[in-house]
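The structure appears below as structure tokens.
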Protein chains: 2
Amino acid sequence: MSVRDNKTEQLIKDTAKRIFFAEGKLHATTQEIADAAGINRTLLHYYFRSRDILFKQVFEEAMLTIRARMDEIFESGELFKEKIEKLIAVFLQEAILYPYREIFVITELNSNSKAVPMVSEQQKMQFFLNQIEEEMKAGNIKKMDPRHFVMNLFALMAYPLIAASLNKNIFNLNNDDYLALMHERKAVILQTIYS
Amino acid sequence: MSVRDNKTEQLIKDTAKRIFFAEGKLHATTQEIADAAGINRTLLHYYFRSRDILFKQVFEEAMLTIRARMDEIFESGELFKEKIEKLIAVFLQEAILYPYREIFVITELNSNSKAVPMVSEQQKMQFFLNQIEEEMKAGNIKKMDPRHFVMNLFALMAYPLIAASLNKNIFNLNNDDYLALMHERKAVILQTIYS
DNA sequence: TTAGTGTTTAACATTTTTGTTAAACAAAAG
DNA sequence: CTTTTGTTTAACAAAAATGTTAAACACTAA
């Protein structure tokens with residue numbers, strides 16, 4: 001009878017995600033992942049066969065998460081401003097935990113020059129863009145190409161967390177100070193995008 | 001007489017920078033760099049002795065460039081708005097060429113957990129922050145923690161270029177379309193940060 | 001108890017990446 | 001022209017990272 005509690009398998013994957021997405025160590029070796037997980041490196045091969053397969057799984061799940069988050073945003077049927085507030089709250093919460101996830105995905109794409117499998121989001125995005133345009137016509141937000149609005153939004157949410165190590169130094173802040181700043185971001189972003 | 005035209009040495013360094021900063025291939029091997037430069041890999045060792053020394057030089061020069069850019073911003077004595085406009089123009093121009101430079105620096109810092117040698121900028125930054133605060137009091141820009149203003153500014157400039165590969169897909173754009181969008185960023189950013 | 005199943009480990013093997021050596025080459029200096 | 005100096009290359013060596021094997025282990029079921 002196959003009991004097969006995938007406890008260790010999950011531990012390895014979670015540790016890899018922590019190293020890549022949270023700590024931003026994009027060059028981590030299988031040995032480093034194994035050490036961080038407190039397991040023998042052979043186990044990593046036992047569960048995933050190869051480093052490549054582990055990487056691919058981590059990558060795929062990151063893509064799925066990003067995509068699911070997009071869907072959640074697009075499909076929430078509330079008022080526009082509520083939708084935006086929810087988006088910011090959800091995104092920031094995850095970005096504080098996993099600031100480098102998008103960076104991991106992007107650099108993997110750059111390194112392997114493989115195609116991005118996200119085409120299916122385009123229709124939903126178009127719907128979102130239309131909605132933004134309506135808000136602009138209604139005078140609720142500043143008029144601009146709605147794609148710039150979306151880029152602004154993601155930039156304002158994502159970048160301060162990615163650049164944390166540099167910013168902490170420039171502003172002379174410790175981890176706690178910086179985290180406190182990050183928790184102010186939701187209000188700041190809303191203030192910034194709402195004329 | 002030592003002629004020593006450092007043509008090849010420079011070619012190697014420039015190619016490394018292109019691969020890291022422009023193409024975002026952060027895992028590139030010495031062989032890949034040598035191939036891209038069209039030289040024998042041994043030459044890389046002849047000029048730099050080790051992969052580590054090449055990396056360190058590239059890293060140091062990236063830090064110097066970032067720092068020099070900061071200085072340029074801080075020390076330009078013009079009116080605030082002119083200063084900001086110049087900053088955006090200079091930053092975007094470089095970021096279009098080398099979108100991944102900051103990411104390279106950040107991931108190197110994360111991977112080696114070495115200290116950031118930029119402390120000397122803090123005083124100038126404080127001066128800049130004071131200036132921003134004055135502008136806020138004068139009602140020229142929205143009131144907020146000036147550090148958020150700085151973070152917003154850099155986020156709006158840097159992120160859309162870093163996330164280009166994802167955005168092109170989401171918005172269904174080819175390289176030229178996306179570049180055209182990027183050239184609109186200066187105006188968009190000014191509009192966004194000026195209430 | 002022991003046969004069976006899945007898990008974990010150490011030892012070993014292979015592959016990939018980096019580093020070194022010695023010799024070929026090219027151009028200028030004597 | 002031949003010696004010197006710096007550049008480039010191929011062949012080799014070493015190190016680092018990944019992958020495999022076989023045996024030990026732990027737990028359950030017959």
Side-chain angles (χ1 to χ4, degrees), chain A residues 1-21 23-61 100 104 107-114, chain B residues 1-21 23-61 100 104 107-114:
Chain A
M1 173 120 261
S2 167
V3 183
R4 210 168 192 285
D5 58 343
N6 50 7
K7 213 168 92 301
T8 306
E9 185 173 350
Q10 198 56 48
L11 171 66
I12 294 170
K13 218 190 281 181
D14 288 345
T15 305
K17 286 178 180 175
R18 198 187 76 222
I19 290 179
F20 294 139
F21 304 164
E23 300 177 12
K25 294 180 181 172
L26 305 186
H27 312 296
T29 63
T30 53
Q31 187 63 67
E32 288 170 314
I33 294 168
D35 288 349
I39 53 119
N40 188 295
R41 188 175 56 81
T42 315
L43 269 184
L44 195 147
H45 288 94
Y46 175 70
Y47 285 107
F48 298 95
R49 293 198 33 167
S50 76
R51 173 197 131 106
D52 227 54
I53 291 173
L54 171 60
F55 272 47
K56 231 167 244 170
Q57 278 196 29
V58 167
F59 177 87
E60 294 298 338
E61 291 182 17
Y100 301 102
F104 174 86
T107 60
E108 283 296 308
L109 289 173
N110 289 339
S111 297
N112 310 322
S113 50
K114 56 185 161 192
Chain B
M1 174 119 261
S2 166
V3 183
R4 208 168 193 284
D5 60 343
N6 50 8
K7 212 169 93 301
T8 306
E9 185 174 351
Q10 197 56 47
L11 171 66
I12 294 170
K13 218 190 281 180
D14 289 345
T15 306
K17 286 178 180 175
R18 197 188 78 222
I19 291 179
F20 293 140
F21 304 164
E23 299 177 12
K25 295 179 181 172
L26 305 186
H27 312 295
T29 63
T30 53
Q31 187 63 65
E32 288 170 314
I33 294 168
D35 288 350
I39 54 120
N40 188 295
R41 189 175 56 81
T42 315
L43 270 184
L44 194 148
H45 287 95
Y46 175 70
Y47 285 108
F48 297 96
R49 292 195 44 150
S50 76
R51 173 198 130 106
D52 227 53
I53 291 172
L54 170 61
F55 272 47
K56 232 167 245 170
Q57 279 196 31
V58 166
F59 178 86
E60 294 299 338
E61 290 182 18
Y100 301 102
F104 174 86
T107 60
E108 284 294 309
L109 290 174
N110 288 339
S111 297
N112 310 322
S113 51
K114 55 185 162 191

Quiz prompt | Worked check of side-chain contact (heavy atoms from CB on, under 4.5 Å) between B:Phe59 and B:Phe104 | solution = CA-CA 8 Å; B:Phe59 178 86; B:Phe104 174 86; 4.2 Å; yes

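Across the protein-nucleic acid pair, A:Glu9 atom CD and C:dT8 atom C1' stand 15 Å apart, rounded to whole Å. Regarding A:Asn40, its CG atom lies at a distance of 17 Å from the P atom of D:dA22, rounded to whole Å. In this structure, A:Lys7 atom NZ and C:dT7 atom C1' are separated by 10 Å, rounded to whole Å. A straight line from CZ of A:Phe48 to C1' of C:dT8 spans 15 Å, rounded to a whole angstrom. A straight line from CG of A:Leu44 to P of D:dA17 spans 14 Å, rounded to a whole angstrom. Whole-Å rounding puts the A:Asp52 CG to C:dT16 C1' distance at 13 Å. Separating the OH atom of A:Tyr47 from the C1' atom of D:dT20 is a distance of 17 Å, rounded to the nearest angstrom. Between the C1' atom of C:dT16 and the CZ atom of A:Arg51 lies a distance of 11 Å, rounded to the nearest Å.
Closest contact between the side chain of B:Leu43 and the listed nucleotides C:dT8, D:dT7, C:dA10 involves D:dT7. Across D:dG19, C:dA10, C:dT20, the shortest atom-to-atom separation from the side chain of B:His45 is found for C:dT20. Considering only the side chain of B:Thr8, D:dT8 comes nearest among D:dG19, D:dT8, D:dA10.
Side chain A:Thr29 to base D:dA16: no donor-acceptor pair is found below 3.5 Å.
Contact of the B:Gln57 side chain with the B:Lys13 side chain is registered, since non-hydrogen atoms from C-beta on lie closer than 4.5 Å. Taking the side chain as every heavy atom from C-beta outward, A:Phe48 and A:Glu9 approach each other to under 4.5 Å. Looking only at side-chain heavy atoms (C-beta outward), A:Thr8 and A:Tyr46 stay at 4.5 Å or farther from each other. Taking 4.5 Å as the limit, every side-chain heavy atom of B:Asn6 sits out of range of all side-chain heavy atoms of B:Tyr47.
For the pair B:Thr42 and D:dA10, the criterion of a side-chain N or O lying under 4.0 Å from OP1 or OP2 is not met. Between B:Tyr46 and the phosphate of D:dG6, there is no side-chain N or O to OP1/OP2 separation shorter than 4.0 Å.
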